[in-house]
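For reference, the structure is listed below as structure tokens.
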Amino acid sequence: MKIAVLAPANNVHTKKFLDYYNSIGFDVINISFDSHKDEEDRTQWKNVKTYYLEVGSNKLTYFLTVPALKKILKEERPDILHAHYVSSYGVIGAMANYHPYVISVWGMDIYDFPKEGTLNTFMVKYALKKADMICSTSEVMKVETAKYTDKEIEVTPFGVNLDVFRPYEERQHSKDKINFGIVKTMAEKYGIAYLLKGYAIFKEKVDEQLFNKTHLTIVGGGPMLDDYRRLANELQIAEHTTFTGRISHHEVPDKINEFDVFFVPSTLDSESFGVAAVEAQACEVPVVVANVGGLPEVVIDNETGFVIETKNAEAIAEKMLYFMENPEKGIEMGKRGRPHVEKLYRWEENAAYMVTLYEQKLNRKKVRT
């Protein structure tokens, strides 16, 4: 089977699909805007060919790439064209009028983009109308997507590689300090400000000696990084807070294994799946997530972690206090997290399910044994 993956080349989820398809011997064409160019070495993927569509600084130039996209598709003749992210790649894929055509919605493209104007709504409906199959990473986003189409929508989670995201044998739970942490882009939607404020409230709830046995590690780069550093100073928690800046995806399992509790205090429903929470649970780290988007779907409340009210720094502080006072409960929750991920979010099984959908829904001949 030959698959054309119309998606940002530098995105970790795109790369996971490319890696899987390559591993099972599919011929793969990754077509990406050159503004999403992947700077990493791709020679390990012998079955993957990459094309870049030239775009300018104005997003309206995306539409000008359609002739180049059509030319690539005419030359390569893939069995399937699969676009990821409906508001950009999904629209130009629809305009190319190539079939069978699959669209996967990711989050902001379906929660935010169509609400920004009548034209945006039209583009989303147009793209979905052209699709032969539509995929969503979560049940809650499936409901949102259904507002713009009457077609069937398949739920295809972003699983994790359990050989990579795993608890390290050398990790010790009997530490001198309890480390609260997060790995996210430093953007407002991910609720980092509430995490910092929650840590400051937590500081007021415990005496200085106990507070000195805790630390907050914030991993990730992004537009709000300097703002959050200033906020940590203003809240007088900077000495107990580390901002690592951006790290590579390969380093993420190492960081998660340094945490005792993983927080995902996102504020918008466009947090459509919650792969970071899944990665943490795979590493046997308990998670505390906000009740938005797909986050509650991937956590078993009171079993593998907690689901709390969004935009609530007090609730974050209460959970920090809980895990400090009940370290054994944190270990138990962490231990329950990995089997939960093994059952539902094993990446190879999630990716194989996508292939099954290609075969079943698009009437493709079964090619894997």
Side-chain angles (χ1 to χ4, degrees), residues 4-8 11 13-14 31-33 35-36 53 55-70 73 80-158 185 187-191 223 266-275 290-297 310-311 357 361-362:
V5 180
L6 184 58
N11 185 276
H13 299 303
T14 303
I31 309 170
S32 169
F33 297 136
S35 56
H36 300 150
L53 303 174
V55 296
S57 56
N58 190 325
K59 289 188 177 182
L60 290 175
T61 61
Y62 288 179
F63 300 114
L64 301 179
T65 66
V66 174
L69 173 60
K70 285 184 174 181
L73 295 172
I80 293 169
L81 173 62
H82 189 160
H84 293 261
Y85 215 75
V86 67
S87 60
S88 52
Y89 290 99
V91 174
I92 70 161
M95 293 174 68
N97 198 32
Y98 190 93
H99 297 277
Y101 183 45
V102 180
I103 291 180
S104 286
V105 296
W106 280 23
M108 293 179 67
D109 56 332
I110 200 70
Y111 279 104
D112 302 337
F113 180 78
K115 297 182 177 67
E116 292 171 359
T118 304
L119 179 59
N120 290 16
T121 302
F122 171 80
M123 285 192 289
V124 168
K125 288 182 176 181
Y126 167 78
L128 295 177
K129 185 177 181 179
K130 286 282 190 175
D132 299 296
M133 184 170 78
I134 302 168
C135 301
S136 163
T137 56
S138 65
E139 292 287 347
V140 68
M141 190 163 61
K142 173 181 176 178
V143 173
E144 186 68 20
T145 306
K147 295 177 182 179
Y148 305 98
T149 180
D150 58 2
K151 294 182 179 180
E152 183 179 359
I153 302 164
E154 301 289 343
V155 176
T156 53
F158 282 150
T185 301
E188 186 174 1
K189 66 175 282 188
Y190 296 119
S266 299
T267 62
L268 299 177
D269 282 333
S270 54
E271 180 72 283
S272 56
F273 176 64
V275 69
N291 188 19
V292 295
L295 289 173
E297 290 182 30
T310 188
K311 300 181 181 180
L357 289 175
K361 299 293 182 179
L362 305 178

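Just so you know, residue 1 is the first one in the sequence shown, and it goes up from there. Scope of the values below: all heavy atoms of this structure, side chains included, with no hydrogens, waters or symmetry mates. Quantities reported herein were computed from a predicted structural model and do not represent experimental measurements.
Nearest heavy atom pair, residue A4 against residue L73, reads CB-CD2, 4.2 Å. Summarising the geometry of I153 relative to C135, their closest heavy-atom pair is CG2-C, 4.4 Å, with the distance given to 0.1 Å. Shown here for P114 and V124, the closest heavy-atom pair between the two residues is CB-CG2, 4.0 Å. In terms of heavy-atom proximity, A68 sits nearest to L53 at CB-CD2, 4.0 Å. Between L295 and G274 the shortest heavy-atom distance is CD2-CA, 3.5 Å. The minimum heavy-atom distance linking G90 with A83 is given by the pair CA-CB, 3.9 Å.
Using bins of under 30°, 30° to 60° and over 60° for the plane-to-plane angle, the ring pair Y85/W106 lands in the perpendicular bin. Relative ring orientation between H99 and Y101 is described as perpendicular, the plane-to-plane angle rising above 60° on a 0-90° scale split at 30° and 60°.
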| query | Going through the checks in order, is the side-chain contact (heavy atoms from CB on, under 4.5 Å) test met by H36 and N11? | reply | CA-CA 8 Å; H36 300 150; N11 185 276; over 6 Å; no
| task | Apply side-chain contact (heavy atoms from CB on, under 4.5 Å) to the pair F113 and V91, showing each step before the final yes or no. | result | CA-CA 12 Å; F113 180 78; V91 174; 5.6 Å; no
| Full working for side-chain contact (heavy atoms from CB on, under 4.5 Å) between T137 and V275 | CA-CA 10 Å; T137 56; V275 69; over 6 Å; no
| query | Under the side-chain contact (heavy atoms from CB on, under 4.5 Å) criterion, do F63 and M123 qualify, and how do the steps go? | reply | CA-CA 12 Å; F63 300 114; M123 285 192 289; 3.5 Å; yes
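Looking only at side-chain heavy atoms (C-beta outward), K125 and L128 stay at 4.5 Å or farther from each other. Side-chain contact between V5 and I31 is absent, with no heavy atoms from C-beta onward closer than 4.5 Å. Using a 4.5 Å cut-off on side-chain heavy atoms (C-beta onward), M141 and V105 make contact. For the pair V292 and T267, the minimum side-chain heavy-atom distance is 4.5 Å or more. Considering only heavy atoms from C-beta on, I134 stays 4.5 Å or farther from V86 through its side chain. Taking the side chain as every heavy atom from C-beta outward, L69 and L6 approach each other to under 4.5 Å. Side-chain contact between Y98 and K130 is absent, with no heavy-atom pair separated by less than 4.5 Å. Two residues are said to be in side-chain contact when any heavy atoms from C-beta on lie closer than 4.5 Å; K129 and Y148 fail this criterion.
Ion pair E144/K115 flagged as a salt bridge, since at least one NZ, NE, NH1 or NH2 atom sits closer than 4.0 Å to an Asp/Glu carboxylate oxygen.
Note that NZ of K189 and OH of Y111 are 10.0 Å apart. Values are rounded to the nearest 0.5 Å. With rounding to the nearest 0.5 Å, the separation of CG in N120 from CZ in F122 is 11.5 Å. H13 NE2 to H84 NE2: the interatomic distance, rounded to the nearest 0.5 Å, is 11.0 Å.
With S136 contributing its side chain and K142 its backbone, the two residues share a donor-acceptor pair below 3.5 Å. Side-chain atoms of D109 come within 3.5 Å of backbone atoms of G107 as a donor-acceptor pair (strictly under, hydrogens ignored). Although no hydrogens or angles enter the test, the distance criterion places a donor-acceptor pair under 3.5 Å between the side chain of E297 and the main chain of E139. Proximity of a side-chain donor or acceptor of S266 to a complementary backbone N or O of L268 within less than 3.5 Å is not detected. Between the side chain of T149 and the main chain of T145, no donor-acceptor pair closer than 3.5 Å is present.
Counting only N and O atoms by type, the side chains of H82 and S104 include a donor and acceptor under 3.5 Å apart.
More than 12 heavy atoms of other shown residues, nucleotides or ligands fall within 6.0 angstrom of atom NZ in K151.
The distance between the ring centers of F33 and Y89 falls below 6.0 angstrom.
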